[in-house]
Amino acid sequence: MAAEIIVEPDTLPLQDAAPSGRKRRFLWMRNAKALTGVAILAFFVVIAVVGEWIAPYDPDARSSDLLQPPSWEHWMGTTHMGQDVMSQVILGTRSVLLIAFVAGFLATFIGIVVGITAGYVGGVGDEGLSALSNVFLVIPQLPLIIIIAGLLPSAGGLTVAVVIAITGWAWGARVLRAQTLSLRKRDFVEAARANGESTWRIILSEILPNLTAMIAAGFVGTVSFAVLSQITLSFIGITPTDTWNWGTVLYWAQAQLALQRGAWWWYMFPGVCIALVGISLTLINFGIDEFVNPRLRSTGLNAKTLRRRGIRPRIGFTPVVHEAKEDRA
Amino acid sequence: MSALADQPRAFAPAKDPVLEITNLSVDYGYDEPTHVLRQVSLTLNRGEVLGLAGESGCGKSTLAYAATRLLPPPGLITGGQVVFTDRDGTRRDVLALDDAALRRSRWQDMAIVFQGAMNSLNPVHRIGRQIADAITAHEPRTSKADALARSAELLDLVGINPDRLRDFPHQLSGGMRQRVMIAMALALDPQVLIMDEPTTALDVVMQRQIVEQIADLRERLGFSVVFITHDVSLLIEIADRIAIMYAGEIVEDAAAQDVYRRPRHPYADGLLHSFPPLRGPRRELGGIPGSPPDLASLPTGCPFRDRCAFAFDACAAVQPELAPSLVPGDDPARAVACHLHTPELVAAAGFAPRPLPDRLTLT
Amino acid sequence: MPPTPRGPHDDPDDRVPVLQAVDLRKHFPVRGLRSTAVVHAVDDVTIELYRGHVVALVGESGSGKSTIARLLAQLMPATSGRILLHGEDATARGRRAFRAYVRRVQMIFQDPFGSLNPIHTVRYTLTRSIRIHQGRLRGAELEAALEELLTRVQLTPPARYVDKFPHELSGGQRQRVAIARALAADPEVLLADEPISMLDVSIRLGILNLLRDLRDRLHIAILYITHDIASARYFADRTMVMYAGRVVEQGDSEAVTQDPKHPYTQLLISSAPDPDDLDARARGARGEAPSLVRPPAGCRFNPRCPFATDVCRTEVPPLLPVGEGREAACWGYSDRPDRPRVGSVLETYGARKEADR
Amino acid sequence: SGGGSGTEDPKPGQTQATSNERSDKVLTVGMPNGEASANQNPIAPGSGSTSFGYAYAIYESLMQVNEVKPTDPPAPWLAEKIEWNADYTQAVITPRAGVTWSDGEPFTAEDIAYSIQIRKDNPELNVDFPDQYGEITTDGSTVTVGFTTGQLVNEVKLYKLLIVPKHIWENEDPVTYTADTMIGTGPFTLKSFTPQAVTLVPNDGYWGDKPLVGELRYDAFKDNAGLTTALTSGDAQWGWTFIPDFENTFIAQDPEHFHQVAGGGFGVDVLYLNNEEKPFDDVAFRKALNMVVDRADISATAGYGVWPQITSVTGLPEPSGDAFISDEFAGQELSVDVDGAKQVLTEAGYTWDGDALVDPDGEKVSFTLTNPQGWTDYLDALSIIAEGAKSLGADATVEPVVQDTWFNQIINLGDFQASLHWTDGGSTPWNLYSNIMDGASYVKRGEPANWNFGRYKNDEVTQALATFKSSADEGERMAALATVQKRFVEDVPGLIIWSRPAVAQYSTVNYTGFPTAEDPYANPQPTGPQAALILTRLKPTA
Amino acid sequence: MRFFVRRTIFYAITFWAAMTINFFIPRLMPGDPVSALIAANQGKISPDAIAALKALFGLDAHTSLWQQYVSYWSLLFQGDLGISFSAREPVVDILARSLPWTIGLVGIATILSFTIGTLAGIAIGWRRGTRADILLPISTFFSTVPYFWLALVVIALFAVRLQWFPASGSYDRSMVPTLSWEFVGSVLTYGTLPALTIVVTSVSGWILGMRNMMVTVSSDDYVTVAQAKGLPERTVMFGYAARNAILPQLSSFALSLGFIVGGTLVMETVFSYQGIGYQLLKATAAKDYPLMQGCFLVITLAVLLANVIADFAYGVLDPRTRQEG
Ligand SMILES: Nc1ncnc2c1ncn2[C@@H]1O[C@H](COP(=O)(O)OP(=O)(O)OP(=O)(O)O)[C@@H](O)[C@H]1O
Ligand SMILES: Nc1ncnc2c1ncn2[C@@H]1O[C@H](COP(=O)(O)OP(=O)(O)OP(=O)(O)O)[C@@H](O)[C@H]1O
Ligand SMILES: [Mg+2]
Ligand SMILES: [Mg+2]
């Protein structure tokens, strides 16, 4: 045996192999995608909060700069009445985000409750709840919103949010129900039951977290849906046009034939803002799904390092790097 | 110093290696990796059944997966070679193959039956199709019908009625699924068959059927088997050679009966003699005292030293190397990683070597 | 000190089984268009678990062992039959009753790959069990309890495993987490479905010793389902052998494993590997488990039984006494005139093997 | 004279050479209705053919009324002449001779009598004279239509009635009949119908000048924007839509051929002020507001110059109204006069708290301007009005509301403070004033009103309006009108914002001869009985 | 058998509930068809005409809501959906006319979008962590911009500026629908922009769903086994990973097939495409109860039908559901 003696230096600090709970909670911060998403969203949230103070002009105030392209005075140009588009967009942020998130949370919540209950309870309860979600799937959103808007003195933002939520939860519920149905029969749910977990605990801690990716995707979907619905509603002129949101801006742009008149700025900026919010949500969604699935986590978290080391983690083709010692006889 | 005489084996494998694993290292995780395998070397000879036993969690499955490059993320092979020698003598390093070549080589050269085989079948395809899949992928000229006919034969081989070809996996019991996996692994007459606890879900009757079947086939087709199991009795019965793993390293590697009757590593002894006998007088068993070390932060030196009755100062400082047994009369091919057998290494590190004790058992 | 098998009635307290199932039957419907077919997973099984005793359930794979465990854990309703806890009907109706029941009856699942929630760490899984069954422990107490549990199942050092996710553990490690979870409940009855199938022998021994210790110290009743007959002999007081949904033989473990009566049991025992005795082997046994959707009439083993006669093909054999505390469901032990003559399976198969060559 | 006067003297603005041969080029009329519905009934209100307009190229009216110059006498069309009795309760209609239906049947007085009779018999069809028809008789050569009330101000409604063939209709239920074959007397007949486009071809048996337009197509566009796109790209050559900044958006695309013309008429948009509620229950405040509304700005900015500014204090639009302005107000023009307005307010006891206007009761003056959301020109106008109010220190907010709510709960019930609404046109200023201030339309707040949404009530005005409507004496009528105007100017029951003439866009690439600003011979829009007239006047460009 | 009875009852109840709600929705809507008509003809129809219009629409007779409800059902069973207020023609005709267009355009677009999205999702999910991920934010961009926004930009760009495609309509207006190549060609040219816009905006949903499922499924053992077998990458990707991942996707797809009939309301409006969605919007604006109810009916039926198909498809595609424990 011509082997050398390997005296391994005791360099490895004795620490927990897995990060501790607290550390784990902030792990997702290391995900570049999620971080970008959060940053964009945070930007809009800040604008939503402080919009009133940072908007350069009164969004309703007319000026003599009619339909001006972006300039130093008006970064996003002006409207046909000389109003500052940027101020309108800034002040519109709040209502967009508020409605979107209220509707998103509400719809997701209803969807979760109904979907998981239906999937978990099974039997008649399931059929009842499924029928309910089916009914809500077929109720047309637009007339419903018109009705509710008409029944209430002013169809304010929250009303719209609630209506969007009411008409928007059913899809999520269906998806969750199907998934719950299959999870319910998994051994680990049975095992938790056999261990004595209460039903709601099983739902909340065993089933729900396994649905997180799905719920997150659903939430992102609903929020985008809410943004789009709200903006579409404003655009068709169903919801009030006096409170600014991006849809209102677009509505005016369309009513004043901004595109035909070459006033692209009037159109472009609100649209881009909507898209940015959507993208930020999607990015966050990626972050969430990489984070909640323990199997994906380390790949997701270390994407950059991996790229640097030339490692592409794949199923079925374990990457090989010759980094370790290979000196044994 | 064992008094037991050598028993000749019925089947003596030729000593030409078909799979040589050298210095294979595997990490789990990318940023704070656990070094699960550290420079493991192992040779599988053609036509041989190599048993792999060891502590639960010592890296047996990891070794099997890594050798086939099927380790799922976050597994990472950080070094070593896995050289496969084809029937015609060409040698190739599995770890250096590109995707296409690896694909071609898979299942024909090396097939694998996974631990937890019950989840290894695609739930939406009929099992016949899944077996035929592998055949047509590698033998594109085989017609679908022929492939299915072959699949039927294979099922029959593992004791499943060929009528079951059109069943979906969920229609089979766990044991049947395991057998389907075995049938599938045999589909292309692979030269190496790696089986990771292939019979855990089976009753002994079935287990015997399969084991016999494999033995039969091996004799007929001459493939080699790496058999991973915790069922030591079974292992001793079917394996020609047994490698014992401990904490991500191979600690003993010798002919099956040699290991069973004359273990040279204290851990091998503990492992092989702590199962209760089915026949004969009941006897009380002690097991191995202590618990396995943490792979994430292994101490220097011999990982077994904390649980070893024969540990001495060198064990804490120097990592043992696989070396031929020092016991006179032992098969020169057998290897053991224990400082008791490598006095030169101990001496070179500046420690006083210990003489071999008379009895190597722990209890 | 080898445990001497004890009769079930040593202690007056123990005369009533802790958990008892009478004529348990489970048929799974096979869903199809107009199908009324069912899988006869378990048929007419009576089982009694006494305090401080271990009953081993061995048998063919797919013979309904896990189904019995699940039925006993009341994870699914039985098609018919009764489950008695301390002699009282224990069929849990409603959640409260069920939870009260699981406090006393815990189950270890067969498949550790499936029975641990992939998104929870070991810590969570065990903490939950501790919280449910031992009250709201916190902080250091909780840590101590966790540590204690993990140490008991030889997952040491505990700190290394406690924050791992199931996919980061090897099969055996997962299995031990599943065991630890059940143990945290301090149950009266433990239904252990192949708890050690993925463990190496030394840990296997440790776990068995642990269970035996629980049995002896805490007088837990244990149902031990296994394919490892040697461990049944070593660990169980009584052994029941199942074939295709029915119990074919039961009795004292030592007796059943050393002197099997039912042809299937003989086949089973003689199939078990034993490195010390390579010849005592039934070689070349072929045939497979019968369909449970249309089980064979009569004795379900008859298609594979070398001794089967007409009566075996038509009439279901009851469990017949074949010795002290032993029963076997084989017409060969009846006093019917048309009974088959049961010989040694080993010989039969051994002979066949010779003939083949 | 129905026939066009030819091309000998091309009008300024349409200086293209023309030909007198029928061209096979398609004249595309763009409609923003979205989709044509397959109901060709020309007399059912809201039916596809009328709202789409092609009914007017196939069916014709009794007379041609030039809505642009409402004071011009009507031109005979299907009727040779129509004579009214003195109190306008009976009209005698003489049909034109030599007219045939497009199926070859002769057109007779029976057809006219029948067409009116079915309107009388079916309230569903009777949009113009609900419950007002008397006896309808015919002696074969004339038709006598009786009315239960005097119809002086409504005579044009009779002239504009479309006439349908009795021989086809009498076998059908006129309400539900879909008249798919469209047998009419007009210059065109139906060639094909699809929901996207309705194609008409010339009626060779037409009684008047033979149309030179080879094919006429009415194309459906989803909305104003769609139609604007079609007009600016030349895909549609005639139509009517509100094009913001039409000079740049539309005309500049092809200044030589693209035209937008606006006719006159009496239609105006009025800011109804709630005369019964603060702050508009005070005439001083109404007056003051009237003095600070910058109508030029509104017309230019909110109306893009499409809606002409009204200058006369009487609210009468030019040029139609010129002849009706009473001497007292002749030449008096509306102007922005903030100081004057403040003066008025000060005199009425208003004060200012800082910038905020405080009424004599000590309350700060504030009001909301309400209109349906989506009516963007109105909303823009409202915000300019609100700015004017702010210059007085009154706090005015614009509140867009749901359209249905506005229609059903706001404007008609009087549940608003200020809101823009249009008025009917008509051939005299009567509709304009009556719609704003007629006590006859007065209902209490909370009850649905048809007109007089501001709940103005002055018996003198009510009386004067009634006189104007029924008196046969020209002098008496003018005197009554002067009274009304005086009260309008002094009481300011509502604010006239701009006039709402008939506007149309057309392209003279293929055909020319449309009404122009210089020769406003008819309402330039394609949807009305005037279409038959215009279509026969069009000439292909060479 | 019992299973089918139960499903039937389930769908019957759903249908009844949906149709009942759909009956009440228009009646609860503020406003009435008459004022809607007046509003639509701003200034053209005098309020004096209200009485005539009410009579025309049959709104002058006062029947109780309950009576209306009963006759609604009885007429429904006779296949009579009434006469549209705004178009003055039978609702059935309008629906029959609009349905093919919607199904044709939205159907093709949905299928296209699903196919493209799923394929892209498979690819991205399979190559998770590579640069292919970039595709996601891009496609998300298009799905998060409002539909009408994109549509209008597309119109401005391709129809007005470049004049590659017509801006609106379903086929060349000068044509009368016939089964000629010319007409079909025209339908295709006119359908391109709307279809493109639908595909572009909806594709990301499919991509996302499929990608997520792919990622989940890829870590399942049988995928590793497939790789171990050395199957061609395509087989592993499609036959193993995608084949399992697509299951939830398919049930969404079946559902979205149901929504095809509802049309993408906004799309049909923006492109003035003559489909059901457009009719619904128009009917809503015009308070055209009969037409609205007709639209509701087809939408409801379509969604329920799609549900049935989804149920069924799942059973066919996922053998596990065929056996129940
Ligand atoms: N994804 C992972 N991350 C970190 N550690 C891992 C991961 N997967 C496995 N391990 C660790 O690697 C070691 C080897 O696992 P492996 O599955 O190879 O064990 P094994 O020898 O097959 O055990 P068993 O006999 O119980 O199946 C174990 O200690 C396990 O905890
Ligand atoms: N949910 C189910 N639906 C239908 N059949 C089932 C179900 N669960 C189990 N079975 C059937 O019941 C029979 C008994 O299954 P069980 O899991 O109890 O066997 P087992 O004895 O535990 O086998 P093993 O030793 O392989 O674990 C098998 O044939 C199985 O296919
Ligand atoms: Mg393993
Ligand atoms: Mg089992």
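So you know, we letter chains A, B, ... as the sequences are listed, proteins then strands, and number each from 1. Here the structure is a predicted model, which means the values were calculated and not measured.
Of the possible donor and acceptor atoms, none in the side chain of W246(A) sits under 3.5 Å from a partner among the backbone N and O of V96(A).
One distance of note links CD of Q249(E) with CD1 of I207(E); it measures 10.0 Å at 0.5 Å rounding. Between F23(E) atom CZ and Q293(E) atom CD the span is 6.5 Å, to the nearest 0.5 Å. Note that SG of C273(A) is 12.0 Å distant from CE of M268(A), once rounded to the nearest 0.5 Å.
In this structure, chain A has a heavy atom under 4.5 Å from the side chain of I21(E), while its backbone stays farther away. Residue contact with chain E, scored on non-hydrogen atoms closer than 4.5 Å, is absent for F136(A). Of the atoms belonging to I279(A), heavy atoms from both backbone and side chain fall under 4.5 Å from chain E. When heavy atoms are compared at a cutoff of 4.5 Å, V153(E) approaches chain A by way of both its backbone and its side chain. Contacts of A156(E) with chain A are made by side-chain atoms alone, with heavy-atom separations under 4.5 Å and no backbone atom involved. Residue Y11(E) touches chain A through its side chain alone, counting heavy-atom pairs closer than 4.5 Å.
Taking every heavy atom of both residues into account, W149(E) and V272(A) meet most closely at CZ2-N, 4.4 Å. Across G168(A) and T222(A), no two heavy atoms sit closer than the pair O-CG2, 4.4 Å.
Residues W126(E) and F317(A) keep their aromatic ring centres 6.0 Å or farther apart.
Taking T300(E), I9(E), L150(E), V236(E) one by one and counting their heavy-atom pairs under 4.5 Å with chain A, the maximum is reached by T300(E). Note on I13(E), L152(E), T224(E), V223(E): by heavy-atom pairs under 4.5 Å with chain A, the leading option is L152(E).
For residues 124-133 of chain A, a heavy-atom distance under 4.5 Å to chain E picks out E127(A), S130(A), A131(A), given by residue number.
A heavy-atom distance below 4.5 Å is not found between the side chains of N210(A) and R186(A).
A side-chain N or O of N245(A) and one of T248(A) form a donor-acceptor pair less than 3.5 Å apart.
Using bins of under 30°, 30° to 60° and over 60° for the plane-to-plane angle, the ring pair F253(E)/W206(E) lands in the perpendicular bin.
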